[in-house]
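In what follows, chains are A, B, ... by sequence order, proteins preceding strands, each numbered from 1.
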Number of protein chains: 2
Amino acid sequence: MEKENVTIYDVAREAGVSMATVSRVVNGNSNVKQATKDKVLAVIDRLDYRPNAVARGLASKKTTTVGVIIPDVTDMFFSELARGVDDVASMYHYNIILANSDDSGTKELQVLENLLAKQVDGIIYMGNGLRDKLREQFSHTNVPIVLAGGVDEKNQTPTVNIDYTAATKDAVAKLISNGHKKIAFISGSLEQAINKEYRLKGYKEALAEADIAFDETLIFATNYTYNAGFELANELYGTSATAAFVGADELAAGVLNGLTDRGVSVPNDFEIITAINTKLTQITRPQLTTISIPMYDMGAVAMRMLTKLMGKENIENGRLSLPYGIISRQTTR
Amino acid sequence: MEKENVTIYDVAREAGVSMATVSRVVNGNSNVKQATKDKVLAVIDRLDYRPNAVARGLASKKTTTVGVIIPDVTDMFFSELARGVDDVASMYHYNIILANSDDSGTKELQVLENLLAKQVDGIIYMGNGLRDKLREQFSHTNVPIVLAGGVDEKNQTPTVNIDYTAATKDAVAKLISNGHKKIAFISGSLEQAINKEYRLKGYKEALAEADIAFDETLIFATNYTYNAGFELANELYGTSATAAFVGADELAAGVLNGLTDRGVSVPNDFEIITAINTKLTQITRPQLTTISIPMYDMGAVAMRMLTKLMGKENIENGRLSLPYGIISRQTTR
DNA sequence: AATAAAAATGTAAACGCTTGCATATTAGAT
DNA sequence: ATCTAATATGCAAGCGTTTACATTTTTATT
């Protein structure tokens, strides 16, 4: 049962050819006579030979694995992205090394170091922004990197995402057109570029276009959890806000339930638009009106872009904004 | 900027020692004079040397990476497991290669092949059962494997999970003690061992202990989606069932909302207990009463067990059942 | 100061493959 | 048959480490 690893050398011997020839048939090199190819294939089958990817990687300097830096696989937004990444990765015969970063600056750096040590052919980075330290490390390596679903405020890195500013603007505009003047902006930390530089910008633009003054007290930055939202509902209750844009679905679900439990009727007394369109949005009652982000596609497209980069193909455009939508459900009128 | 890869050889030359010595300091081998260690470390730092894990893997026959076969990262149950796995993996300096299988027999086999080709040091398998074909492949390899959260009905594979039978029995017993006689059993496919061999068994045991006859028409096997549950609510409506045990939270949320939308008042007219305790259970209104499974811990413990196996340590017990609980919320009285 | 034992370092052979280059075989044209 | 040009195969040098084993240096003992 202890299958001593059979090597290319064993196959060569059994088939009566050189290991170079075996290598050729394994790699689908065309310059092999059909007869010998068959012979070799037969031996491979008989010996149950499985090429050692590590040796392959050392010799060819390609590992056919890509690193994926993800804040948290448990987060529905990111896991959906990851699924898109993995599907096209495996389509192109790549494997992914998945590493959680908790969106922490130090962990990210350490994870990157790890991934590079493992000689990944490319990296997909997910996060809520791109810290300078990390961007700098990125620029020091030859390994291609693409951002999936995130933003690089300095536009130095190939990226696949949506136009978060425009999407937020649209969402807030919808609230405005429903008659609201006091609209809360609820998001994760404003240290994250995606919130500070993009979403908040869209929010402000929408207000500006409607000549509504920006009100600092309507800005809430918390963490992306259900409980944070639930508790925030309290605070919100005391403000003049009559509607809210929320930057994450779980957070929005918390706000919604918190408000509801407090006797606020959504959407009659308060309207909510959330930002992602994860499954959650259909499970809450009332169902959440939301921006819809093509999460899976962003992951898939990002990975596809990475394959091109790894293949040294020319990339027409390294910054792809995929289309988004707004789905009206029951938390808006 | 094109950092030509600096190798152990470069470091050795610059430091005026042999590559063996460099290797020793890199690997923390004690037999190195402090002075030379410092010297080497300085050079490593200056040259920004990063050991090539692929070469390392070839030479040492250890890759410090483990394969994780997961049905779908997007599934909250499995992603939570995966998080536990990754956290302890990184604690022990392992990386994980994450591969989605969609719980498909053929994909699983192919993924396994891949993982073995990449010379992973170990494998964490997640699924809703263990197919014979796969179990057989497992037995043909020397690479240690542990099941996380799943079941091997033949008990041949090291496993970390909970006692699904007992948990289901408890849940159903609770329903019975609330006065129900007609209790629906709703789960994913009965081709999955976890449903057919474990959960259903617990369900039957609970009925038997209460002298309630098993009623085939109360058994519903569908797929694990919100929509499946939502639609199933229709069917359920026509039966005599007054309560249900549901094998997955998303499915349960569907049933709950479907029933509610149809005017059934939960828990007054119908009670529901679900099986996992993902975040969803607190988001639905009413909140779902549920079995609570220590998902993260199962992943973490499974990975810990795997590290022992990979280190050729003796495992006292290869079959760990972690404690579970039942959390009463609002879908039961 | 000599010697043995211990500690530190070096040498070189793997590890299992890919790949450039050389060589041998085959086919096509004359 | 002969010569050319493909086509097919083999040879051997890497790829960047680890790790026995050998050798040198240091330390301790007498």
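Note: A:N5 CG to A:N52 CG = 7.5 Å, rounded to the nearest 0.5 Å. For the atom pair OG1 (A:T141) and CD1 (A:I123), the distance works out to 6.5 Å, reported to the nearest 0.5 Å. In this structure, B:M126 CE and B:D72 CG are separated by 11.5 Å, a value rounded to the nearest 0.5 Å.
Using a 4.0 Å heavy-atom distance criterion, A:V26 is classed as making no nucleic acid contact. Using a 4.0 Å heavy-atom cutoff across all strands shown, A:N52 reaches sugar-phosphate atoms only and no base atom. Backbone-only contact: A:T7 has heavy atoms under 4.0 Å from sugar-phosphate atoms and none from a base.
Between the side chains of B:Q110 and B:N114, no donor-acceptor pair of N or O atoms lies under 3.5 Å. For the residue pair B:S90 and A:K107, no side-chain donor N or O sits within less than 3.5 Å of a side-chain acceptor on the partner. A donor-acceptor contact closer than 3.5 angstrom links the side chains of A:D121 and A:T63.
Following rounding to the nearest Å, B:N27 (CG) and C:dT9 (C1') show an atom-to-atom distance of 16 Å. Spacing between atom CG of B:N31 and atom P of C:dG10 amounts to 13 Å, rounded to whole angstrom units. Atom CZ of A:R50 is separated from atom C1' of C:dC17 by 16 Å (rounded to the nearest Å). Put simply, CZ on A:R24 is 15 Å from P on C:dC17, counting in whole angstrom units.
In terms of the side-chain contact (heavy atoms from CB on, under 4.5 Å) criterion, residue partners of A:A20 (sequence neighbours excluded) are, by chain and number, A:S18, A:R24. Residues meeting the side-chain contact (heavy atoms from CB on, under 4.5 Å) test with B:N155, sequence neighbours left out: B:R319.
Taking 4.0 angstrom as the limit, A:Y9 places none of its side-chain polar atoms (N or O) nearer than this to OP1 or OP2 of C:dA14.
A heavy-atom distance below 4.0 Å to DNA chain C is reached by these residues of residues 54-65 of chain B, ordered by number: B:L58, B:A59, B:K61.
The span of DNA chain D lying next to chain B, judged by atoms under 4.0 Å from heavy atoms, is bounded 5' to 3' by D:dG16 to D:dA20.
A rotation axis mapping the C1' atoms of four pairs onto the next four is fitted at both ends of the helix from C:dA1-D:dT30 to C:dT30-D:dA1 over five pairs, and the angle between these axes is 30° to 10 degrees.
Applying the side-chain hydrogen bond (donor to acceptor under 3.5 Å, both in side chains) test to pairs two or more places apart or on separate chains, those with a residue in residues 306-316 of chain A are A:R304-A:T307.
Checked by atom type and distance alone, the side chain of B:S60 pairs as donor or acceptor with a backbone atom of B:R56 at under 3.5 Å.
The local environment of CD in B:E191 is sparse, with at most 12 non-hydrogen atoms from other residues, nucleotides or ligands closer than 6.0 Å.
Along DNA chain C, the nucleotide closest to A:K33 and the one closest to A:T21 are compared, and the more 5′ of them pairs with A:T21. When the nearest nucleotides of DNA chain D are assigned to A:A20 and A:Q34 by heavy-atom distance, the more 5′-ward of the two goes with A:Q34.
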